[in-house]
2 protein chains.
Amino acid sequence: MSHYTRDFEGILRAAGYRVTPQRIQILDALCDEGGHTSLAAIYLRLQRIDPTIDKSTVYRALKLFVTLGLVVSADNGDGEVYYEIARVQPHHHLVCRQCGQQQEIDHDAIQLMAEAIYQQYGFQVNTDHLMLNGICAGCRLPHQ
Amino acid sequence: MSHYTRDFEGILRAAGYRVTPQRIQILDALCDEGGHTSLAAIYLRLQRIDPTIDKSTVYRALKLFVTLGLVVSADNGDGEVYYEIARVQPHHHLVCRQCGQQQEIDHDAIQLMAEAIYQQYGFQVNTDHLMLNGICAGCRLPHQ
DNA sequence: GTGATTGTTGCAAAAATTGGCAATAAGAGG
DNA sequence: CCTCTTATTGCCAATTTTTGCAACAATCAC
Ligand SMILES: [Mn+2]
Ligand SMILES: [Mn+2]
Ligand SMILES: [Zn+2]
Ligand SMILES: [Zn+2]
């Protein structure tokens, strides 16, 4: 509860939702883990703190947080969905089709695309957390 | 089997997979539906043609097709995953956060981004089927 | 603080998705 | 056409995710 970068409780209340210990603990878990965290990992961690918390509560909380924009989700393609506290400045990822390596990129990198789409379609792209597939520099060049 | 734009059977065989009536029927269903089609819709359709086909077969076939690039998948955010025959020229979608409307855009629209990322990171973006969130023209301007 | 209101939780059941496995059948070779 | 190999299927069970609902508790008004 000390490491929040935003007023999560205020956002929840402003949207008509209640601040419960379960939700706080889930946000705490996400903050502590830092990077991409699976639901299973969050649940496992909560088990130690409070074994009465139910898995369905975690499912529901994560879904709510994503809807409210407090959390972003990611689907690597490896079947598991990951969650992460939404930063003030969004970021995205490059995922190599060959080696699977992931690389984080800044939101700026997609601004050109957003502008081009706005010009052409009048649509204001405002994407949270893209996973862009492709071939990384290492895999593109044959290792000689 | 007549409306295929690509030699699906050849691609399957070349990759060491077999061409089975189940896989053919699933591809047929995707071709006929045309747009984004859910697994449930495909399964329902197959039921009428051949009630012995199992749902797990559909799951496995769709996963395989996506891996081979014959089919692209999409996650609107509404919880259901959609599938669609991969076209020769990829396309993407703009999804309005407000009204939920979807708009198709051409692959060209993201080429600028791909180039920028290549310049900056050496990563060759080669994305199939993006779902870009944002605000559509209709929702951005107050309806007067 | 007390009580009323109503969003939230844990539980259990339902539904969706995945995985193991023996029977089947596609594809290759003769 | 027949035989062999082995990928694939349907079936079933395991696992994961969603949903309905009564008990609970966060919030608000007083
Ligand atoms: Mn991320
Ligand atoms: Mn599409
Ligand atoms: Zn790579
Ligand atoms: Zn809209």
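Residue numbers start from 1 in every chain, and the chains themselves are labelled A, B, ... in the order their sequence lines are given, proteins ahead of strands. When reading the values below, keep in mind they use all heavy atoms of this one structure, side chains included, and skip hydrogens, waters and symmetry mates.
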| Any side-chain N or O of Arg23(B) under 4.0 Å from OP1/OP2 of dT9(D)? |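 So the side chain of Arg23(B) is within the cut-off, an N or O lying under 4.0 Å from OP1 or OP2 of dT9(D).
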
| Between dT18(D) and Lys63(A), is there an OP1 or OP2 to side-chain N/O distance shorter than 4.0 Å? |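 Checking dT18(D) against Lys63(A), a side-chain N or O does come within under 4.0 Å of OP1 or OP2.
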
Nearest whole angstrom, please: distance from the [atom2] of [N] to the [atom1] of [X].
X: Tyr83(B); N: dT17(C); atom1: OH; atom2: C1'; value: 10 Å
X: Ile24(A); N: dG7(C); atom1: CD1; atom2: C1'; value: 15 Å
X: Asp75(B); N: dT17(C); atom1: CG; atom2: C1'; value: 15 Å
X: Tyr59(B); N: dT17(D); atom1: OH; atom2: P; value: 12 Å

| request: Take the C1' atoms of the five end pairs on each side of the helix from dG1(C)-dC30(D) to dG30(C)-dC1(D), get both axes, and report the angle to 10 degrees. | output: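 Computed from the C1' atoms at both ends, the axes differ by 50°.
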
| query | Apart from Tyr118(B) itself, which Ile, Leu, Val, Met, Phe, Trp or Tyr residues share its cluster (side-chain heavy atoms under 4.5 Å, direct or through members)? | reply |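 Tyr118(B) shares its hydrophobic cluster with no other residue.
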
| field | Transitive ILVMFWY cluster of Tyr82(A), excluding itself - 4.5 Å side-chain cut-off | value |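 When side chains under 4.5 Å apart are linked, Tyr82(A) ends up in no cluster with other residues.
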
| message | I want to confirm an ordering. Mapping Thr57(B) and Gly16(B) to their closest nucleotides on DNA chain D, which one lands closer to the 5' end? | response |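 In this pair, the answer is Gly16(B).
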
| query | Are His107(B) and Gln89(B) linked by a side-chain donor-acceptor pair shorter than 3.5 Å? | reply |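 There is no such pair between these side chains.
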
| Under the side-chain hydrogen bond (donor to acceptor under 3.5 Å, both in side chains) test, which residues partner Glu104(B), sequence neighbours left out? |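 Partners of Glu104(B) under the side-chain hydrogen bond (donor to acceptor under 3.5 Å, both in side chains) test: Arg87(B).
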
| Is the CD atom of Gln101(B) crowded by more than 12 outside heavy atoms at less than 6.0 Å? |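 No, not enclosed.
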
| task | Give a yes or no on this: more than 12 heavy atoms of other residues, nucleotides or ligands lie within 6.0 Å of atom OH of Tyr17(B). | result |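 No, OH of Tyr17(B) has 12 or fewer neighbouring heavy atoms, counting only those of other groups under 6.0 Å.
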
| message | Tell me which residues in residues 42-54 of chain A lie within less than 4.0 Å of DNA chain C, going by non-hydrogen atoms. | response |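 Thr52(A), Ile53(A), Asp54(A) - these, ordered by number, are the residues of the stretch whose heavy atoms sit under 4.0 Å from the strand.
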
N/O-N/O pairs, protein side and nucleotides 25-29 of chain D side, under 3.5 Å:
residue: dA26(D); atom: N3; partner: Arg18(A); partner atom: NH1; Å: 3.1
residue: dT27(D); atom: OP1; partner: Arg13(A); partner atom: NE; Å: 2.9
residue: dT27(D); atom: OP1; partner: Arg13(A); partner atom: NH2; Å: 3.2
residue: dT27(D); atom: OP1; partner: Val19(A); partner atom: N; Å: 3.1

| said: So if I take every side-chain heavy atom of Arg60(B) and compare against dT18(D), dT18(C), dG20(C), which nucleotide ends up nearest? | reply: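 Nearest to the side-chain atoms of Arg60(B), counting from C-beta on, is dG20(C).
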
| Between the main-chain N or O of Lys63(A) and the side-chain N or O of Thr67(A), is there a donor-acceptor pair closer than 3.5 Å? |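 Checked: pair present.
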
